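Data block below; observations after.
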Amino acid sequence: AWADLSEVAAPVLLASPRLADGPPSGQCAERFAGLLEGLRGTGMGLEEAAELFRLVAAAAALAGGGGGGGGGGEEDVGDGVAALGAAAALLGIEEDVLRTFLTQTELAVGGGPSSGRAEHLVRSRSAQEAATLRASLAQELYSALFAWLTRLVARGLMPTDTKSDCRMLGLLDLYGFEVFAANGFEQFLINYCNERLQQFFNCQVFKCEAEEYFAEGLDSQGQWEGLMTACQLPALALLEGEPGGAIGLFGVINDRARCSFQAGSSGGGGGGGGGS
């Protein structure tokens with residue numbers, strides 16, 4: 001399995017421009033050996049590790065193989081034809097099947113869903129559609145692989161005797177906003193989730209304690225009651241809005257998206273009138 005993996009993936013990955021400024025091959029080999037040792041420490045076997053690296057290589061081949069620059073159709077899968085073939089081989093599917101999936105789409109025209117009389121038409125995807133679908137496929141593969149690896153590590157850390165009365169230690173890692181040179185909508189949603197987690201943590205640690213102290217009459221100077229305001233994060237009010245108050249950014253985005261959709265539907269559905 002390892003020899004086959006190296007034979008298929010190595011030529012494509014070594015030709016990637018992303019590795020042009022990377023560390024030397026000797027250092028990469030040392031890091032890979034350390035990574036493999038760590039994976040083996042979680043209980044992963046060599047065959048499982050090979051399949052893990054196979055999927056990583058397939059995702060890298062899909063993401064780095066290019067994605068367009070033409071007039072649509074099969075040629076626009078990207079300038080990395082070899083990368084597409086390598087990805088198909090690593091995933092264990094026929095290259096033509098993967099190419100068709102990325103470059104063509106089937107539409108059902110006429111007839112209802114249950115009538116069975118719909119006509120099926122096949123059209124070529126544009127260069128941008130093919131590139132987007134290719135990148136999305138790589139992301140979904142990596143996401144599924146990450147979820148599987150997380151479960152594997154969790155099982156490796158799980159106590160062998162779950163019936164015994166053992167103590168558990170839970171760790172919660174909270175971090176705030178992350179700011180990059182280019183912050184897209186995806187990073188915006190990640191930061192929103194971080195603020196939500198921070199608010200939940202504040203409520204559990206500070207607000208519940210403050211309410212308990214206040215109920216026991218230990219808040220003579222209002223200091224614990226003041227802690228309850230720490231759960232009101234301004235960023236969340238800006239994004240979600242306030243009950244009975246101003247609408248948040250999410251509400252504005254929803255309204256704009258709804259208006260654009262309705263305008264597009266009404267504009268596209270209006271044909272030429274005229275009687276007979």
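These numbers come from a predicted model, not from an experiment.
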field: Where Pro23 and Arg31 come nearest, the two heavy atoms and their spacing
entry: CG-NH1, 4.0 Å
- prompt: What is the distance from atom CD1 of Ile93 to atom CZ of Arg99, rounded to the nearest 0.5 Å?
  reply: 11.5 Å
- prompt: If you look at every heavy atom in Val12 and Ala82, which pair is closest and at what distance?
  reply: CG2-O, 3.8 Å
query: Within a radius of less than 6.0 Å around CD of Glu94, do more than 12 heavy atoms belonging to other residues, nucleotides or ligands occur?
result: no
- prompt: Quick one: which of Gln128, Arg134, Glu129 gives a side-chain hydrogen bond (donor to acceptor under 3.5 Å, both in side chains) with Thr132?
  reply: Gln128
- prompt: Angle class for the Phe250/Phe188 ring planes (parallel below 30°, perpendicular above 60°, tilted otherwise)?
  reply: perpendicular
message: So does Leu39 get a backbone contact from the side chain of Thr42, meaning a donor-acceptor N/O pair under 3.5 Å?
response: yes
- prompt: In terms of hydrophobic clusters joined by side-chain contacts under 4.5 Å, are Leu62 and Val56 together?
  reply: yes
- request: Nearest 0.5 Å please: distance from the CG atom of Leu91 over to the CG atom of Leu141.
  value: 5.5 Å
Cut-off 3.5 Å, no hydrogens considered: what does the side-chain donor-acceptor table look like for residues 146-155, sequence neighbours left out?
unit_1: Thr150; atom_1: OG1; unit_2: Phe146; atom_2: O; d: 2.8

- request: Output the distance between atom CD1 (Ile247) and atom CD (Glu242), rounded to the nearest 0.5 Å.
  value: 12.5 Å
- line: To the nearest 0.5 Å, atom CG of Leu133 lies from atom OG1 of Thr103 at 9.5 Å
message: Donor-acceptor pair, distance only, cut-off 3.5 Å: does the side chain of Ser143 make one with the backbone of Gln139?
response: no
message: Apply side-chain hydrogen bond (donor to acceptor under 3.5 Å, both in side chains) to residues Gln187 and Asn191 and explain how you reach the verdict.
response: CA-CA 6 Å; Gln187 185 61 42; Asn191 289 337; 3.2 Å; yes
- prompt: Of all residues at least two apart in sequence or in a different chain, which pass the side-chain hydrogen bond (donor to acceptor under 3.5 Å, both in side chains) check with Glu37?
  reply: none
message: Could you see if Leu84 belongs to whatever hydrophobic cluster contains Leu5? Use Ile, Leu, Val, Met, Phe, Trp, Tyr and a side-chain cutoff under 4.5 Å.
response: yes
query: Are Phe101 and Val122 joined in one hydrophobic group, where the rule is that I, L, V, M, F, W and Y side chains link up if heavy atoms are under 4.5 Å apart?
result: no
query: Which pair of non-hydrogen atoms, one from Ala138 and one from Ala59, has the smallest distance, and what is that distance?
result: CB-O, 3.5 Å
Qualifying residues under side-chain hydrogen bond (donor to acceptor under 3.5 Å, both in side chains), relative to Glu51, sequence neighbours excluded: none
message: Do Leu52 and Glu48 have side chains that approach each other closer than 4.5 Å (heavy atoms only, starting at C-beta)?
response: no
message: When you group the ILVMFWY residues by side-chain heavy-atom contacts below 4.5 Å and let the links chain together, are Tyr142 and Leu90 in the same group?
response: no
message: Rounded to the nearest 0.5 Å, what separates atom OG in Ser6 from atom CZ in Arg54?
response: 11.0 Å
field: Stepwise side chain to side chain contact (heavy atoms under 4.5 Å, CB included) check, Leu35 with Phe53
entry: CA-CA 11 Å; Leu35 174 61; Phe53 292 127; 3.9 Å; yes
message: Using every non-hydrogen atom in the two residues, find where Ala130 and Arg125 come nearest and quote the distance to one decimal.
response: N-CB, 4.3 Å
- prompt: Between Ala61 and Leu13, which heavy-atom pair has the shortest distance, and what is it?
  reply: N-CD2, 4.5 Å
field: Side-chain touch Leu236/Tyr192, heavy atoms, less than 4.5 angstrom
entry: yes
query: Going hydrophobic residue to hydrophobic residue with side-chain gaps under 4.5 angstrom, can you get from Phe185 over to Leu238?
result: yes
